[in-house]
Amino acid sequence: MTSKADFSQEEWETLERGLTGTGMLVSVADPGVMDSFGESSALAKYLQSQRVAGSTELMRELGATRGTGFGLTTKIDEVRAGTIHALQSAIQILSAKAPDELEPYRQMVLGVATAVAEAKKGVSPTEAATIDAIKEALGTA
């Protein structure tokens, strides 16, 4: 059974950043101050649900992730590049260390993206395009 203990601190932070950065990336894809509150709440609720009902022990541990690894003043381009890079790196890390966790991680990341995109007005075209970029980074496009 794979757990957080099987990864270095840097690797773990990469897995977390890919996951939570996805929520932030989808949120900033179609910005709106009032929407941001609902989207942040959707991200937190989704992660909370994964702490309890995640498909593997590793996914339940990732559900306990708190921060995004990005600050409030981080530029959108930096969020995009950082998240995409983290997702690509996470796939490489999991492929090497825990291949059985690849699909659960992909599903969890896409679950975050969907939860955030659907939090307010439904999935906008910009959010859909962002989710496509996330799928590409995950190798599922």
Side-chain angles (χ1 to χ4, degrees), residues 1-32 34-141:
M1 191 172 347
T2 306
S3 70
K4 181 179 179 178
D6 296 310
F7 300 91
S8 70
Q9 182 66 28
E10 182 180 335
E11 290 168 333
W12 187 254
E13 289 171 2
T14 298
L15 295 173
E16 289 180 320
R17 189 173 202 173
L19 178 63
T20 58
T22 291
M24 187 168 186
L25 181 58
V26 172
S27 182
V28 299
D30 191 13
M34 295 310 292
D35 290 349
S36 295
F37 292 114
E39 290 166 345
S40 295
S41 177
L43 172 61
K45 285 178 184 176
Y46 184 84
L47 291 176
Q48 172 63 33
S49 74
Q50 294 305 298
R51 274 181 255 183
V52 176
S55 61
T56 68
E57 178 181 341
L58 185 65
M59 296 309 112
R60 289 186 293 276
E61 289 177 314
L62 279 167
T65 298
R66 293 266 184 228
T68 64
F70 298 102
L72 291 174
T73 59
T74 305
K75 293 182 169 92
I76 293 172
D77 290 343
E78 292 174 36
V79 172
R80 183 178 199 51
T83 299
I84 297 300
H85 181 264
L87 290 171
Q88 292 167 335
S89 296
I91 295 303
Q92 291 173 346
I93 291 165
L94 291 171
S95 293
K97 288 193 156 187
D100 290 348
E101 299 290 346
L102 272 169
E103 193 55 30
Y105 184 79
R106 286 177 174 132
Q107 292 306 312
M108 191 171 183
V109 168
L110 292 174
V112 163
T114 301
V116 171
E118 292 176 347
K120 284 297 177 180
K121 300 174 269 183
V123 182
S124 73
T126 307
E127 290 169 331
T130 299
I131 291 171
D132 287 345
I134 291 164
K135 287 178 181 177
E136 186 174 327
L138 292 170
T140 63

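The chain is numbered in sequence order, starting from 1.
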Quick check: closest heavy atoms across [X] and [Y], and the distance to 0.1 Å?
X    : Y    : value
Y46  : Q107 : OH-O, 3.9 Å
A29  : T130 : CB-OG1, 3.2 Å
I131 : A117 : CD1-CB, 4.0 Å
I134 : A113 : CD1-CB, 4.4 Å
P104 : T56  : CG-CG2, 4.0 Å
G18  : A86  : N-CB, 3.6 Å

Could you name each residue pair satisfying salt bridge (charged side-chain N to carboxylate O under 4.0 Å, His left out) that touches residues 92-104, not counting sequence neighbours?
-> E11-K97, E103-R106
Residue pairs passing the salt bridge (charged side-chain N to carboxylate O under 4.0 Å, His left out) test where at least one lies in residues 73-91, sequence neighbours excluded = none
Can you run down the side chain to side chain donor-acceptor pair (under 3.5 Å) pairs that involve residues 83-95, sequence neighbours left out, and say none if there aren't any?
-> none
Walk me through it: do V116 and T22 pass the test side chain to side chain contact (heavy atoms under 4.5 Å, CB included)?
-> CA-CA 9 Å; V116 171; T22 291; over 6 Å; no
Residues in side-chain hydrogen bond (donor to acceptor under 3.5 Å, both in side chains) with R60, at least two apart?
-> none
Answer yes or no: is there a donor N or O on one side and an acceptor on the other, between the side chain of T140 and the main chain of K135, under 3.5 Å?
-> yes
Approximate separation, where rounding is to 0.5 Å, of [X] [atom1] and [Y] [atom2]:
X   : Y   : atom1 : atom2 : result
L43 : S40 : CG    : OG    : 7.0 Å
L25 : I84 : CG    : CD1   : 6.0 Å
L87 : I91 : CG    : CD1   : 7.0 Å
L62 : E57 : CG    : CD    : 11.0 Å
S3  : W12 : OG    : CH2   : 8.0 Å

Let me know which of T2, L58, T14 forms a side chain to side chain contact (heavy atoms under 4.5 Å, CB included) with L94.
-> L58
Who passes side-chain contact (heavy atoms from CB on, under 4.5 Å) against E13, sequence neighbours left out?
-> Q9, E16
Under the salt bridge (Lys or Arg N to Asp or Glu O under 4.0 Å) test, residues paired with E61 that sit two or more places apart | none
